[in-house]
Amino acid sequence: MREPNTARARRILVTGAAGFLGSHLCDALLAEGHRVLGLDNLNTGNLANLEHLRGEPRFELIEHDICEPFDFGRVDFLYNFASPASPVDYVRIGIETLRAGSEGTRNVLELARKYEAGFLHASTSECYGDPTVHPQPESYWGHVNPVGPRSVYDEAKRFSEAMVMAYHRYYGVDTRLVRIFNTYGPRLHGSDGRVISNLMMQALQGEDLTIYGDGTQTRSFCYVSDEIDGILRLARSNEHFPVNIGNPEEWTILECARQVLEVTGSSSKIRFAPLPEDDPVQRRPDITKAKELLGWEPKIDLRTGLKLCIEYFQRSVERGEKATPA
Ligand code: UDP
């Protein structure tokens, strides 16, 4: 087997470093002994996620938009995590989202090509759209509305996948694609509008929990430490085709709300609100490939993961953040 890229890596670039996953990734890479250069244009990223790295000599953050070509010196491996990712955010800044997934991804790939560096792109279960195959294996091509409100994200991510594969096929860049399913944990912004952050914030503030539609739609929630572990294992592999990294435990949104009420001990009520357009009906990763290829599977179930987040969301409430119902 070829020597894994990350094993010889010295300086690693993480785009979207101030984001939820990007910041956890920086921590994990620093813990492995690497030097990390983080990039973020702070459009949806949050400097508070990196506050604890202030004074860390092996970490550097540069405020930069990946849509503008850049080169901040040689890097050995690149993780491309820069993109708005919450539906509330990407619907609000759709053009920026499309640009990040097209021009931005290309600029990052160009750098990987120039320095003959390894490259891992953060793709998404949204590539499957509103899936008609359940659970979703990587071989499923998806069911995406190319002109609906979510298309700014879905099609940007699908375009990115095509661009990444093309840089691999035409230029021999050493690429990887991770399809990330719903992930949660500390550093999810309390106001980012995602279901776990909204429900936790609402429960802790005694507000009604907003459930869109009838709450029978499903998601499969992966705790952040499991997600990062899977991503790092993929980076060390030689797999160029997409790999699902997510927790296959599937929950209806209503069941998820009940879990939140239980772990927080909140007496909040449930309030039903309209279902956003093109909201996927079901979502659950088939992780056979990750298990076989990477020896990876998640360890933390939803109840345990939610408990691990309570303190963080309590602090978010104290900072004055508010849930953002769509
Ligand atoms: N959702 C909800 N209440 C909320 C926020 C989200 O019922 O306050 C639903 C949303 O309609 C979707 C699911 O929860 O069916 C997951 O939404 P999220 O925005 O977290 O991510 P998505 O998986 O849709 O990208």
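Just the heavy atoms: all of them, side chains too, but no hydrogens, waters or symmetry mates, feed the values below. Note that ligands are numbered from 1 as they come in the structure, with each ligand's atoms numbered from 1 the same way.
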Residues forming a side-chain hydrogen bond (donor to acceptor under 3.5 Å, both in side chains) with [X], sequence neighbours excluded:
X    : answer
R74  : none
D226 : none
D279 : R219

- Answer with yes or no whether the side chains of Y153 and D89 bring together a donor and an acceptor at under 3.5 Å.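 Y153 and D89 do not have a side-chain donor-acceptor pair below 3.5 Å.
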
- Message: Less than 6.0 angstrom separating the ring centers of F72 and H64, yes or no?
- Response: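 Yes, ring centres under 6.0 Å apart.
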
- Item | Geometric cation-pi criterion R187 and F20, 6.0 Å radius, 45° cone |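 Negative - R187 is either too far from the ring of F20 or too far off its axis.
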
- So which residues, sorted by chain and number, lie with a heavy atom under 4.0 Å of ligand 1?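 Heavy-atom contacts below 4.0 Å: P87, E126, R150, N182, G193, R194, V195, N198, T210, I211, Y212, Q217, R219, I253, P276, D279, R283.
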
